[in-house]
Protein chains: 2
Amino acid sequence: MGFEGADPGTVRPGGRTARVRSAVLQAAGDALAEHGFAHLDLADIARRAEVGKTTVYRRWGTVTSLVADLLLDMAEQSLPRTETGSLLGDLKANARLVQRTLADPRQGALFKAVIAAATCEAKTAEALHRFYDIRVKEWAPCVQQAVDRGEVPEGTDVHEVIRAVSAPLYYRLLTSSDCLDAAAADQAAEAAVAAARAGAYLRGDEGRA
Amino acid sequence: MGFEGADPGTVRPGGRTARVRSAVLQAAGDALAEHGFAHLDLADIARRAEVGKTTVYRRWGTVTSLVADLLLDMAEQSLPRTETGSLLGDLKANARLVQRTLADPRQGALFKAVIAAATCEAKTAEALHRFYDIRVKEWAPCVQQAVDRGEVPEGTDVHEVIRAVSAPLYYRLLTSSDCLDAAAADQAAEAAVAAARAGAYLRGDEGRA
DNA sequence: CCCATAACGGGACTCCAGTTTCGTTAATCA
DNA sequence: TGATTAACGAAACTGGAGTCCCGTTATGGG
């Protein structure tokens with residue numbers, strides 16, 4: 001009697017278990033980037049990771065659940081942001097980073113696949129949301145600095161400004177066949193700055209026109 | 001001899017064939033909205049549509065291919081846009097329309113599923129891109145009118161302004177758990193107008209800051 | 001109205017994604 | 001360092017998604 005063991009991987013997370021996890025997550029990323037989310041099978045991932053397929057099924061069970069764990073892993077690896085001294089410079093740096101990531105064949109495909117997976121299961125969606133919350137929080141300070149400098153009105157929702165930079169890039173990635181170039185990134189940053197200056201992102205009551 | 005018949009449904013598209021197609025597309029929409037893109041099986045769709053599953057497999061074959069056809073169908077049904085006389089008014093109307101659609105449980109889930117499907121197959125992605133091209137083209141004239149009025153600088157990429165309205169709403173739908181309310185719609189419209197006025201969407205060379 | 005055949009539909013069949021079983025390896029603790 | 005057992009992995013198994021076969025329905029052309 002007593003408790004049935006908790007999920008596998010939680011009691012002895014060291015050594016082999018950790019090695020298996022990172023090998024599987026690596027393989028999952030590769031497979032997602034290659035085949036996309038739909039045509040994905042866990043046995044293939046197990047083969048790539050040189051791990052028994054039983055193990056993959058036992059620890060993750062479903063593709064979406066594996067993607068959720070992958071997102072947890074991705075959220076932990078954060079690139080430090082650059083600081084240029086001006087809001088436009090900082091946001092352009094951010095936009096270029098996003099643009100380069102999404103335009104990269106492997107990373108771009110991976111992000112598409114991860115977003116697709118998140119639309120299919122609440123738990124995976126939650127992991128994706130957490131991932132973006134972290135990224136947004138990392139970059140928000142540069143907008144706060146602009147507020148402090150007086151470049152942008154007091155009361156601006158700084159997180160929303162960061163999201164405004166990424167949004168058009170993701171929208172283009174998903175809904176159009178246009179290429180994601182540096183010009184698109186710069187445009188996204190410029191638009192966000194212009195809108196922020198005009199008070200479009202004032203928190204609480206909706207700003208004036 | 002001669003040609004093997006073209007794809008089923010093209011030679012005798014009337015009567016039964018058309019009835020089957022619309023029943024299946026309807027059922028596909030329901031199933032996508034309910035189960036999401038991942039846990040979808042064509043036999044279930046056939047059952048809902050009261051159609052033989054052989055038929056569904058013969059005419060569409062895969063889920064992504066069926067979604068591509070669904071998108072073709074969705075693209076044909078267009079709502080006429082409203083005209084308010086001001087750019088902000090028109091874009092707010094557009095933003096509210098998008099927001100209401102995405103916030104609606106069935107439609108929102110359907111759009112998520114359709115986007116997920118498009119990330120998995122080129123043909124489906126193309127259908128999705130065409131769908132959005134049509135929607136954008138439908139609304140672009142209101143921006144053009146604003147250019148003519150002098151509300152927005154000459155040389156503005158009018159399609160990009162329309163996309164700028166939708167982008168943050170889709171970005172929020174996919175990457176956050178925040179609710180999509182009317183305030184979000186208005187903010188999207190206001191930001192797009194502010195950025196457009198500031199010349200952030202000038203075509204060709206990247207605009208000034 | 002009638003014929004030729006496109007398209008549909010039921011049911012049997014296949015094949016592989018996902019499960020179960022049980023023996024092996026190695027992480028943790030004393 | 002050795003005992004305990006969590007976690008792994010090979011192989012056999014199973015259910016249902018997707019295919020195939022062939023008889024039936026009804027469209028479109030003459």
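Throughout, a chain's letter reflects where its sequence line sits, starting with A, and its residues are numbered from 1. Not measured: the values here are computed from a predicted model.
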Residue A:Arg58, side-chain atoms from C-beta onward, closest of C:dT5, C:dA26, D:dG9: D:dG9
Inter-residue atom distance B:Arg130.CZ - A:Thr175.OG1, 0.5 Å rounding: 14.0 Å
Length of the line joining A:Asp41:CG and C:dA17:C1', which is rounded to integer Å: 7 Å
Separation of D:dG9 P from A:Arg48 CZ (nearest whole Å): 18 Å
Atom pair distance, as rounded to whole Å: CZ in A:Arg19 and P in C:dA26: 8 Å
Of B:Val63 and B:Thr17, the one whose closest DNA chain D nucleotide lies more 5': B:Val63
Sugar-phosphate, base or nothing in reach of A:Arg21, heavy atoms under 4.0 Å: nothing
Rounded distance (Å) that lies between atom C1' of C:dA17 and atom CG of A:Leu66: 15 Å
Side chain of A:Arg12 (C-beta onward), nearest among D:dC8, C:dA6, D:dT4: D:dT4
Closest-nucleotide 5' rank along DNA chain D - winner of B:Arg47 and B:Gly15: B:Arg47
Under 4.0 angstrom between B:Arg59 side-chain N/O and C:dC8 OP1 or OP2: yes
Any B:Thr54 side-chain N or O less than 4.0 Å from OP1/OP2 of C:dG9: no
Phosphate-side-chain proximity, A:Thr55 and D:dG9, N/O vs OP1/OP2 below 4.0 Å: yes
Whole-Å distance separating the NE2 atom of B:His39 from the P atom of D:dA17: 13 Å
salt_bridge(B:Glu50, B:Arg48) N-O dist < 4.0 Å: no
Gap between atoms CG and C1', on A:Leu42 and C:dA17 respectively (whole Å): 9 Å
A:Lys53 (side chain) and C:dG18 (base): donor-acceptor pair under 3.5 Å: yes
Integer-rounded Å distance: D:dA17 C1' and B:Ile45 CD1: 13 Å
Ionic contact status for B:Asp69 with B:Arg59, cut-off 4.0 Å: no
Sugar-phosphate only, base, or nothing, as touched by A:Gly9 at under 4.0 Å among non-hydrogen atoms: sugar-phosphate
Nucleotide C:dA27, atom C1' - distance to CZ of A:Arg16 in whole Å: 8 Å
Note: B:Glu190-B:Lys92 ion pair, threshold 4.0 Å (strictly below): yes
Nearest-nucleotide pick for B:Tyr57, side chain only, options being C:dA27, D:dA17, C:dG18: D:dA17
Cationic N near anionic O, under 4.0 Å, B:Arg163 to B:Glu160: yes
Closest listed nucleotide, where the reference is the side chain of B:Val11 and the choices are D:dA17, C:dA7, D:dA12: C:dA7
Sugar-phosphate only, base, or nothing, as touched by A:Thr62 at under 4.0 Å among non-hydrogen atoms: nothing
